[in-house]
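Let me begin by handing over the structure; questions about it come next.
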Amino acid sequence: MPAQIFLATPDSFSFRHTVYSHGWSDLAPFELDSEKWRLRYAFADVGSAKPISAVISEAEGGLNIEVAVKRFIEDRLSEKVRHVLRLDDPLEDFYDLTDREERLRWISNLKAGRLIRSPTVFEDLIKTLCTTNCSWALTKNMVRNLVENLGEPATGGGRSFPTAEALASVDEKFYRDEIRAGYRSPYFVEIAGAIASGKIDPESWLTTEMPTDELKKQIKSMKGFGDYAADNLLKLLGRYNGLALDSWLRSQFYKKHNREKVCADKKIEKHYKNFGSWKGLAIWCDMTERWFDEKLMD
DNA sequence: GCGTCCAGGTCTACC
DNA sequence: GGTAGACCTGGACGC
């Protein structure tokens with residue numbers, strides 16, 4: 001029989017702005033019903049033998065999490081939802097900075113700035129690799145193929161994101177033929193093997209005291225991770241020093257702040273320098289302002 | 001229907 | 001340290 005878990009949220013939290021903060025809610029195992037504002041995800045490792053599919057929706061003062069069963073899993077599941085929706089992220093310092101510029105006051109007014117992430121750093125790492133040098137449609141295909149081919153069926157429907165062990169159990173040919181990962185295939189094999197064997201422990205990056213520059217260097221030591229991919233992953237770890245410039249972000253900057261003319265990355269960097277260690281979040285919010293207008297119109 | 005371009009880049013070789 | 005060329009895929013576009 002379906003059960004419901006209530007999760008209180010801070011006043012500064014917006015479910016819709018978090019879900020639409022970037023493209024992750026569009027990638028499996030996330031499934032977003034943007035009409036009813038219900039976000040489905042198949043959670044693994046919540047204390048049950050099989051992954052559990054949960055549906056998250058808005059409620060008065062918090063969130064409702066619908067699951068097939070809640071016995072034994074309630075605490076673990078709530079903890080994972082808190083992580084995914086960044087409920088414990090302190091954004092006061094960021095809002096202090098953005099409120100100083102009138103054109104950016106919408107960010108704190110609308111409670112934007114929480115970037116949705118996956119339950120594990122490992123999943124964010126693999127998904128980030130799937131965003132490199134391809135269209136968003138191809139990213140979605142690759143992630144869906146990973147989930148459908150290597151994920152576990154979940155109670156309540158859907159499949160979970162595969163484990164590192166599952167990703168390490170297949171070869172380069174599988175990545176090319178089934179995942180359609182192309183030249184990235186050997187990178188998947190190498191990274192999955194390193195994580196499954198314990199050589200790399202991405203989850204430790206959430207709590208490490210390591211300086212960001214050093215952590216970035218470690219992330220970039222993985223094949224397939226350059227500046228963009230490393231900065232993107234760092235944002236999901238709560239470190240916003242890097243801009244994570246990709247072709248989309250650059251083109252948006254040229255349109256909004258440079259009269260549609262191409263310019264050097266240094267100029268973009270200079271534009272956001274006043275935001276210091278928050279500049280990666282500042283540029284992302286600035287460039288997605290109209291995105292929210294379009295997607296969140298009721 | 002076919003060819004070309006290029007997207008939420010990175011790697012390697014070379015200078 | 002900076003740059004050119006190669007690298008997979010698949011949707012969009014022009015013809």
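Sequence lines set the chain letters: A, B, ... in the order given, protein chains first and strands last, and positions in each chain run from 1.
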Subject >> dA7(B) base stacked by Trp248(A) (centroids within less than 5.5 Å, tilt under 30°) >> reply: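 Answer is no, no stack.
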Return the value, rounded to whole Å, for the distance between atom CG of Leu115(A) and atom P of dG8(B).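 Rounded to whole Å, this separation is 18 Å.
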Report which part of the nucleic acid Ala229(A) touches: base, sugar-phosphate, or nothing (heavy-atom distance under 4.0 Å, all strands).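 Sugar-phosphate: the residue Ala229(A), judged by heavy atoms under 4.0 Å, touches backbone atoms but no base.
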Distances under 3.5 Å between protein N/O atoms and the N/O atoms of nucleotides 6-9 of chain C, please, pair by pair.
{"residue": "dC8(C)", "atom": "O5'", "partner": "Tyr183(A)", "partner atom": "N", "Å": "3.4"}
{"residue": "dC8(C)", "atom": "O4'", "partner": "Tyr183(A)", "partner atom": "N", "Å": "3.0"}
{"residue": "dC8(C)", "atom": "O2", "partner": "Arg184(A)", "partner atom": "NH1", "Å": "3.1"}
{"residue": "dC8(C)", "atom": "N4", "partner": "Asn133(A)", "partner atom": "ND2", "Å": "3.0"}

Donor-acceptor contact below 3.5 Å, side chain Arg117(A) vs main chain Leu85(A):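 The answer is no, because no donor-acceptor pair under 3.5 Å joins these two groups.
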With rounding to the closest Å, how many angstrom separate the P atoms on dG5(C) and dC6(B)?
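My reading of the P atoms in dG5(C) and dC6(B) gives 15 Å.
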Roughly how far apart are Asp286(A) CG and Ile107(A) CD1, rounded to 0.5 Å?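 Rounded to the nearest 0.5 Å, the CG-CD1 separation comes out at 6.5 Å.
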Check your understanding: Out of Tyr183(A), Phe188(A), Tyr187(A), which one pairs with Tyr175(A) under the ring pair (Phe, Tyr, Trp, His ring centres under 6.0 Å) rule?
Key ->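 Exactly one candidate clears the test, Phe188(A).
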Apply ring-ring contact (aromatic ring centres under 6.0 Å, His included) to residues Trp284(A) and Trp291(A) and explain how you reach the verdict. CA-CA 11 Å; Trp284(A) 184 257; Trp291(A) 185 0; 5.7 Å; yes
- Task: Take atom P in dT4(B) and the same atom in dA6(C), then report the distance between them in whole Å.
- Result: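 Result for the P pair: 15 Å, nearest Å.
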* Considering the options Lys216(A), Lys220(A), Arg239(A), which one meets the side chain to side chain donor-acceptor pair (under 3.5 Å) requirement together with Asp231(A)? ->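 Testing each of Lys216(A), Lys220(A), Arg239(A) against Asp231(A), the sole residue satisfying side chain to side chain donor-acceptor pair (under 3.5 Å) is Lys216(A).
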Practice prompt. Quickly work out the Leu243(A) CG to dG8(B) P distance and round it to whole Å.
Written response: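 To the nearest whole Å, that distance equals 18 Å.
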| task | Report the distance from atom CZ of Phe225(A) to atom P of dG9(B), rounded to the nearest whole Å. | result |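 Distance, rounded to whole Å: 13 Å.
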Hey, does Met287(A) reach any base, or is it just sugar-phosphate, or nothing, if we go heavy atoms under 4.0 Å?
->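 No contact.
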- Item | Spacing between Ile219(A) atom CD1 and dT10(B) atom P, to the nearest angstrom |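 The answer, rounded to whole Å, is 12 Å.
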Tyr20(A) and Trp37(A): CA distance, side-chain angles, deciding distance, ring-ring contact (aromatic ring centres under 6.0 Å, His included) verdict: CA-CA 11 Å; Tyr20(A) 262 151; Trp37(A) 282 98; 5.4 Å; yes
_dG8(B) and dT3(C), which share atom name P, separated by this distance in whole Å_ =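 24 Å, rounded to whole Å.
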* To do: Quote, to the nearest angstrom, the C1' distance that separates dT10(B) from dG11(C).
  =>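 So the two C1' atoms sit 22 Å from each other.
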### Query
Is a donor on one side and an acceptor on the other found under 3.5 Å between the side chain of Lys261(A) and the backbone of Tyr254(A)?
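It does not hold such a pair.
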